[in-house]
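The block underneath contains the structure these notes are about, expressed in structure tokens.
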Number of protein chains: 2
Amino acid sequence: MKSPSHRLGDLQLRILQSLWDRPDSSVAEVHAELKPERDLAYTTVATMLRKMETRGLVTHREEGRSFLYRALVAAEEVSRSVGQHLVDRLSAGSLTEAVSHLLTSREVSRDELDQLEKLIKEAKRRAQ
Amino acid sequence: MKSPSHRLGDLQLRILQSLWDRPDSSVAEVHAELKPERDLAYTTVATMLRKMETRGLVTHREEGRSFLYRALVAAEEVSRSVGQHLVDRLSAGSLTEAVSHLLTSREVSRDELDQLEKLIKEAKRRAQ
DNA sequence: GTGGCAATACTACCCGGGTAGTAGCTGCGT
DNA sequence: ACGCAGCTACTACCCGGGTAGTATTGCCAC
């Protein structure tokens, strides 16, 4: 049950997000969804999906002449390992420092701060 | 003042951290510092430093027969862009979500939560 | 049944991080 | 004066993400 520290590139992560949103997407659908942000060739997406399948990140089933892809890794799981990796990289494991970096990394709206406060409180409640 | 979205590998980041800690380090010193965690060849570190110099991440001056290296990018700057990149990757820019992911990514001690709360409060004070 | 389209399969390439071996230089100790 | 130790320079390689062109397959319409 090792969680093999998913080392995902930007495109791979983006594709996963698309599949989490809309499971059983065809290559064409994923390609269409990514089109606005990244003008990739159709075959690029197809190739990436195939590569990701060999890595166990996604799987497919056939539907007529198309493949419908599904993510095999949970969003939770990936967020966790990506996040954990960042914390390690950035601050030798100090979560507080990491968050502190995030906070100074950009303009944070009052709204966001409120939400964050709520998050912390909730975590505290859960923790006790 | 361009912040060219530093795309740093793990090793590069680790080397920078070492240099932030101890500027004007020789290759030998950086190598020694990294030794316990990553048993790299001396030349590996030297090569990486040279590569990083061509990318403008570090610079060196000569001291006798050795090169003493200094980071050219600020810790702040790098933390920011690395953190920002994560937020973008993970949650399409939602900082709240990103932090939420970090919070669920591991056991968070009560202490850490307290610290975090303090962080938020401070940010709020600064924001108004 | 044949042309064409849409889909996948295969292959190749680039790039950059990471890793390290080997060659070449130089100053220091004896 | 000479050789060794230590240092940099050069070169090469692997690997994986990313990108895409070309080949092949198979279905559908007419």
Side-chain angles (χ1 to χ4, degrees), chain A residues 4-19 24-35 37-70 73 78 81-82 85-86 88-89, chain B residues 4-19 24-35 37-70 73 78 81-82 85-86 88-89:
Chain A
S5 102
H6 307 295
R7 205 169 201 78
L8 302 176
D10 289 352
L11 177 56
Q12 297 185 357
L13 195 46
R14 192 58 194 76
I15 287 178
L16 281 180
Q17 280 161 353
S18 174
L19 291 180
D24 294 301
S25 287
S26 67
V27 176
E29 285 163 341
V30 175
H31 177 236
E33 160 128 8
L34 269 54
K35 187 81 173 186
E37 357 171 351
R38 327 175 58 137
D39 197 5
L40 296 173
Y42 180 93
T43 52
T44 299
V45 178
T47 302
M48 203 64 223
L49 278 167
R50 225 168 326 106
K51 280 189 176 181
M52 290 168 75
E53 182 155 30
T54 71
R55 286 189 53 196
L57 294 170
V58 303
T59 187
H60 79 273
R61 65 184 177 82
E62 261 172 275
E63 172 85 21
R65 52 219 154 286
S66 306
F67 286 4
L68 300 189
Y69 283 92
R70 255 182 349 104
V73 287
V78 170
S81 76
V82 171
H85 186 219
L86 173 96
D88 289 343
R89 269 163 66 89
Chain B
S5 106
H6 308 294
R7 205 168 203 77
L8 301 177
D10 288 352
L11 178 57
Q12 298 184 356
L13 196 46
R14 192 57 194 76
I15 286 178
L16 281 181
Q17 280 161 354
S18 174
L19 290 180
D24 294 302
S25 286
S26 68
V27 176
E29 284 163 342
V30 175
H31 177 236
E33 160 127 8
L34 268 55
K35 187 81 172 188
E37 357 171 353
R38 327 175 58 137
D39 197 5
L40 297 173
Y42 181 93
T43 52
T44 300
V45 178
T47 303
M48 204 63 223
L49 278 167
R50 223 167 327 106
K51 280 189 176 180
M52 290 168 75
E53 183 155 29
T54 71
R55 286 188 54 197
L57 294 170
V58 303
T59 186
H60 78 273
R61 64 183 177 83
E62 262 173 274
E63 171 85 21
R65 54 220 151 284
S66 306
F67 285 6
L68 300 190
Y69 283 91
R70 254 182 349 104
V73 288
V78 170
S81 76
V82 171
H85 186 221
L86 173 97
D88 289 343
R89 270 163 67 89

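Throughout, protein chains are lettered first and strands after them, A, B, ... in sequence-line order, and every chain is numbered starting at 1.
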Nearest-Å distance for atom pair CD1/C1', residues A:Ile15 and D:dG17 | 11 Å
Hey, is the side chain of B:Lys51 pairing donor to acceptor with the base of C:dG16 inside 3.5 Å?
-> no
If each of A:Thr43 and A:Gly9 is mapped to the nucleotide of DNA chain D with the nearest heavy atom, which maps nearer the 5' terminus, i.e. the 5' end?
-> A:Gly9
Taking NZ, NE, NH1 and NH2 as the nitrogens, is one of them in A:Lys35 or A:Glu33 under 4.0 Å from a carboxylate oxygen of the other?
-> no
Taking atom P of C:dC25 as reference, at what distance in whole Å does atom CZ of B:Phe67 sit?
-> 14 Å
Could a donor-acceptor pair under 3.5 angstrom be found where the side chain of B:Thr47 meets the base of C:dA20?
-> yes
Using the closest heavy atom to pick a nucleotide of DNA chain D for each, name whichever of A:Gly64 or A:Asp10 lands nearer the 5' end.
-> A:Asp10
Nearest to side-chain heavy atoms of B:Arg55, which nucleotide of C:dA7, C:dG17, C:dA20 | C:dG17
Under 4.0 Å between any heavy atoms, over every strand shown, what does A:Ala46 touch: base, sugar-phosphate, or nothing? Just pick one.
-> nothing
Hey, are B:Arg14 and B:Asp10 close enough for a salt bridge, meaning a charged N less than 4.0 Å from a carboxylate O?
-> no
Would you indicate, yes or no, if C:dG21 has its OP1 or OP2 atom less than 4.0 angstrom from a side-chain nitrogen or oxygen of B:Tyr42?
-> no
Value in whole Å for how far the C1' atom of C:dG18 lies from CZ of B:Arg7 = 16 Å
To the nearest angstrom, the NE2-P distance between B:His60 and D:dC7 comes to 15 Å
Side-chain contact check for B:Leu40: nearest option of C:dA7, C:dA9, C:dT19 is C:dT19
How would you label the contact of B:Ser66 with the nucleic acid (heavy atoms, under 4.0 Å): base, sugar-phosphate, or nothing?
-> sugar-phosphate
Using only side-chain N and O atoms of B:Thr44, determine if any of them is under 4.0 Å from OP1 or OP2 of C:dA20.
-> yes
Starting from P on C:dA6, measure out to CD on A:Glu62 and report it in whole angstrom.
-> 19 Å
Minimum-distance nucleotide to A:Met48 side chain [options: D:dA20, D:dG18, C:dG17] | D:dG18
State the CG-CG distance between A:Leu13 and B:Asp88, to the nearest 0.5 angstrom.
-> 11.0 Å
Do other residues, nucleotides or ligands put more than 12 heavy atoms under 6.0 Å from A:Arg70 CZ?
-> no
Are any side-chain N or O atoms of A:Gln17 and backbone N or O atoms of B:Arg89, one a donor and one an acceptor, separated by less than 3.5 Å?
-> yes
Using the closest heavy atom to pick a nucleotide of DNA chain C for each, name whichever of A:Arg50 or B:Gln12 lands nearer the 5' end.
-> A:Arg50
Look at the side-chain N and O atoms of A:Arg38 and state whether any lies under 4.0 Å from the OP1 or OP2 oxygen of D:dT19.
-> yes
Would you kindly give the CZ-to-P distance between A:Arg65 and C:dA9, to the nearest whole Å?
-> 15 Å
Donor-acceptor contact present, side-chain A:Ser26 to main-chain A:Glu29, <3.5 Å | yes
To the nearest Å, give me how far apart CG (B:Leu49) and P (D:dC10) are.
-> 16 Å
Once you round it to whole Å, what is the distance between P of C:dG18 and CG of B:Leu16?
-> 11 Å
